[in-house]
Amino acid sequence: MERILITSALPYINGIKHLGTLVGSMLSADVFARFKKARGHEVLFICATDEHGTPTELAAMEAGKDVRTFCDEQHLLQKAACEKFNLGWDHFGRSSSPQNRELTQHFARQLWKNGFLEVRTTKQVYSNADGRFLPDRYVIGTCPHCGYEKARGDQCENCTRVLDPIDLIKSRSAVSGSDDIEIRDSTHLFLKQSEFVPKLRAWIDSHKHEWPQLVYSIANKWLEEGLQDRGITRDVDWGVPVPDDIADGQLKGKVFYVWFDAPIEYIGATKEWADANGKGNVWKSWWYDAKDVRYYEFMGKDNVPFHTVGFPVTIMGSGEPWKLVDRIKGFNWLNYYGGKFSTSEHRGVFMDSAIEILPADYWRYYLMANAPESSDSSFTFEHFASVVNKDLADVLGNFASRITKFCIARFDGKVPGEGEYGDEEKALIAEMDKRVAQYTEYFEAIEYRKALAELRAIWVAGNEYLTRAAPWTHIKTDRAKAAVAVRMGLNLVHLFAHLAWPVMPAMARKIHETIQPVAGDAAVIPWPSDPMAKELDQLEAGQPIHAAEVLFAKITDEQLAEWTARFGGAEPA
RNA sequence: GGCAGCGUAGCUCAGUGGUAGAGCAGGGGAAUCAUAAUCCCUUGGUCGGGGGUUCAAAUCCCUCCGCUGCUACCA
């Protein structure tokens, strides 16, 4: 048994997440956590809302609320949406928690003590009208290169050139539109990332074959381009305050940059979990000197630099034996009809509306079977409907339906005990041994598309078997032969429930219950651990079963038309 | 501009040196237990363009084109 620590990239607090964020971090982490739990490992699965930073302050202002209240509300909304998707983490914390404040300050003190922080003065844009410093991208003006009038201070969207806010012509605040802005000196703490290049290089290279190519390439790129020191404080109000004992109080009133404290919240949320469950110092056994723990991180590609460079530097620089990640699973983007999902323009499908139109497991299966693993991929309702209808309704749902109903019609709704498994059954068992082993391997490798293609092939093998065994034909002449096929069919349904649980926990339970109640307290439906000869011959003769009514309803053309109209599909951005 | 990823059948994607693959869609057939659901067979691609290395290239090299992202103060 292993101890498995799993974290999902923290969803930002500024609104309900869309399907792309869901598949790339929270859902993929949940599916893996369930898989490991199903295999009997000790798993701790941690997530939290990432609450600090300028966008939060501005969103709260726009909502007419103070930041704390805004975050309180948004946290609960996101938590509720995630629970509806059956994201089964052990704790869903908040980066604004006291635990994270304490840990963030601890890491900063360690870095300061070890000489890896440096005070530097930088030029910052200050808006008099807004009474605040503005990050570069919140300054807009005319691009000096192409004349585009809405260029942002960090980059011109029109000509894609990288800019400095000082370069802009007629620069103004993106918040208020006021041109009453000026450049002020501001003092900040810089993390000396450049000193960690050899250590990072060795660490990253040691994981070259364990991380997806995407992750390694991004990490490598940052080192190749020459790692710069990075400012880890900001001139805003909402964040973890820099303690006075760092740099003799020169940074009074400033807070840590959101990307400094956000990954530390993985540890913070673990402490929140321990505190909330009376587990005292147990949280530390997962993170500090935790040589027996294997740590997995799940994230979209935008988060990769922070997890392969920033956070590791924080940990290495602390001089303390905090756990570094073992495996990173990174994802590309899920697009919406070829364009971007956009929170600000509300383009695409978001978690709250997705769950309104269909149960979580429809989405969970589709998203994992089509996860953007090797390249960006595109969500369309047409594709979604075809996958749901074919894979879930026709191949899986109908299989459970046809065999349970036949059993009820011809065998009194009880597992028939007559006959012995013959050549047909032995061939199926041999095939299933292979396929289940392959499915398990893909899961261990965190290759979701391949894993789910194998899962589907397993369902298809069930249908193929049933066609060959044809109990509806044998029932007329050889009742025992028909009984064998029905018994095997019911065992298959039972097996399918176990195999599907990490991906579709609610439907797996429902499928399982058509055959028999889930054993134990049923928090987990375990992974099949025995050879298929045993797994597929475990139902007791005479045991009653129930009809699998429509498990997965098909998506109709009318629904498809309604949803594309409602969510604005069809025309790519 | 620089860097990274991607470009394979109508669609979604596997495939990193050895005769081009899967699922869906399309065509034909079988079966009639089932949500008209299943099963079998099958049509379909000069692997983005061009050049090179090699006995052999989707795969390695060069070059061009296209899409996406990053470019360090959005997260």
Side-chain angles (χ1 to χ4, degrees), chain A residues 9-14 50 52-56 58 122 124-125 133-139 145 152-155 159-162 164-165 186 188 193 213-214 217-218 220-222 224-231 233-236 257-259 262 300-306 309-310 332-333 335 338-340 369-370 373-378 380 382-383 386-387 389-395 397-410 447 449-450 453 456-457 460 462-468 470-473 475 482 485-486 489 547-554:
Chain A
L10 308 186
Y12 199 60
I13 193 74
N14 64 345
D50 175 16
H52 295 136
T54 308
T56 307
L58 298 180
T122 60
Q124 300 289 140
V125 176
F133 281 96
L134 295 174
D136 290 355
R137 70 163 38 201
Y138 288 99
V139 181
H145 302 288
R152 291 193 321 234
D154 56 343
Q155 184 169 27
C159 67
T160 75
R161 278 186 220 239
V162 178
D164 198 286
S186 183
H188 286 292
Q193 297 190 135
Q213 194 199 338
L214 172 77
S217 297
I218 294 172
N220 195 44
K221 186 191 110 170
W222 278 62
E224 287 294 315
E225 289 183 356
L227 198 57
Q228 297 169 24
D229 299 338
R230 185 159 193 146
T233 52
R234 292 290 183 274
D235 289 294
V236 298
Y257 173 38
V258 54
W259 261 113
K301 61 183 169 184
D302 55 330
N303 280 340
V304 169
F306 301 105
V309 176
N332 286 282
W333 302 128
N335 288 319
K340 278 197 228 178
N370 297 282
E373 289 180 308
S374 62
S375 63
D376 294 351
S377 66
S378 192
T380 66
E382 290 79 3
H383 189 225
S386 115
V387 168
N389 289 354
K390 190 70 191 175
D391 294 6
L392 296 182
D394 295 349
V395 178
N398 182 58
F399 179 83
S401 176
R402 65 196 295 208
I403 193 66
T404 53
K405 287 183 180 173
F406 187 79
C407 176
I408 287 165
R410 301 295 191 152
E447 296 270 2
R449 275 178 181 264
K450 288 177 183 170
R456 185 188 188 284
V460 168
N463 278 308
E464 288 169 356
Y465 164 77
L466 215 52
T467 298
R468 288 193 302 269
W472 47 87
T473 303
I475 191 74
V486 170
E549 296 302 342
V550 176
L551 292 164
F552 297 95
K554 287 204 204 192

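Worth saying up front: this structure is predicted, and the values here are computed from it rather than measured. Residue numbering restarts at 1 for every chain, and letters A, B, ... go by the order of the sequence lines.
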*Compare the minimum distances between each of B:C13, B:G5, B:C24 and the side chain of A:Gln213, then state the nucleotide with the smallest one.*
B:G5
_Of the options B:C6, B:A75, B:A37, whose atoms approach the side-chain atoms of A:Asp394 most closely?_
B:A37
_Nearest-0.5 Å distance that lies between atom OG1 in A:Thr54 and atom CG in A:Asn14_ = 12.0 Å
*Determine the Euclidean distance between corresponding P atoms of B:G49 and B:U35; express it in Å to zero decimal places.*
48 Å
*OP1 or OP2 of B:A22 less than 4.0 angstrom from a side-chain nitrogen or oxygen of A:Lys450, does that happen here?*
no
*Is there a side-chain polar atom (N or O) of A:Lys390 under 4.0 Å from OP1 or OP2 of B:U38?*
yes
*Out of B:A75, B:U12, B:A72, which has the shortest distance to the side chain of A:His383?*
B:U12
*asked:* With a 4.0 Å limit, can you tell me whether A:Arg234 has a side-chain N or O closer than that to the phosphate oxygens OP1/OP2 of B:C74?
replied: no
*Which atom of A:Trp259 lies closest to which atom of A:Asn303, heavy atoms considered*: CZ2-OD1, 3.2 Å
*Is A:Tyr138 reaching over with its side chain to a backbone N or O of A:Arg152, donor-acceptor style, under 3.5 angstrom?*
no
*Answer yes or no: does a side-chain N or O of A:Lys554 lie under 4.0 Å from OP1 or OP2 of B:A37?*
yes
*A:Ser386 side chain, from C-beta outward: closest of B:C24, B:U68, B:A72*: B:C24
*Considering only B:C6, B:C39, B:A72, which nucleotide approaches the side chain of A:Val460 most closely?*
B:C39
*Starting from P on B:C11, measure out to CG on A:Asn370 and report it in whole angstrom.*
16 Å
_Candidate nucleotides B:G69, B:C13, B:A37, ranked by approach to the side chain of A:Lys221 - the nearest_ = B:G69
*Check whether any side-chain N or O of A:Gln155 sits under 4.0 Å from OP1 or OP2 of B:U71, and answer yes or no.*
no
_C1' gap between B:A9 and B:G27, integer Å_ = 15 Å
*asked:* Measuring only the P atom in each nucleotide, how far is B:U12 from B:G52? A whole number of Å is fine.
replied: 33 Å
_Span that lies between the C1' atom of B:U59 and that of B:C40, in whole angstrom_ = 34 Å
*So which nucleotide from B:U38, B:A75, B:G2 ends up closest to the side chain of A:Glu225?*
B:G2
_Given B:A4, B:A72, B:C74, the nucleotide with the shortest approach to the side chain of A:Pro55_ = B:C74
_Euclidean distance for P, B:C11 against B:G18 (whole angstrom)_ = 27 Å
*List the atom of A:Lys405, the atom of A:Ala548, and the distance in Å for their closest heavy-atom pair.*
CE-O, 4.1 Å
*Heavy-atom count around A:Arg449 CZ within 6.0 Å, excluding the residue itself: above 12?*
yes
_C1' atoms of B:C74 and B:C13, separation to the nearest Å_ = 32 Å
_Would you say A:Asp235 and A:Ser186 are linked by a side-chain donor-acceptor pair, where the criterion is simply a distance under 3.5 Å?_
yes
Protein-nucleic acid N or O pairs under 3.5 Å, nucleotides 31-34 of chain B:
unit_1, atom_1, unit_2, atom_2, d
B:C33, O2', A:Arg402, O, 3.1
B:C33, O2, A:Arg402, NE, 2.9
B:C33, N3, A:Arg402, NE, 3.4
B:C33, N3, A:Arg402, NH2, 2.5
B:C33, N4, A:Arg402, NH2, 3.3
B:A34, O3', A:Ser401, OG, 3.4
B:A34, O2', A:Asn398, OD1, 2.4
B:A34, O2', A:Ser401, OG, 3.4
B:A34, N3, A:Asn398, ND2, 3.1
B:A34, N3, A:Arg402, NE, 3.2

*Counting just side-chain N and O atoms, does A:Tyr257 come under 4.0 Å of either OP1 or OP2 of B:A75?*
yes
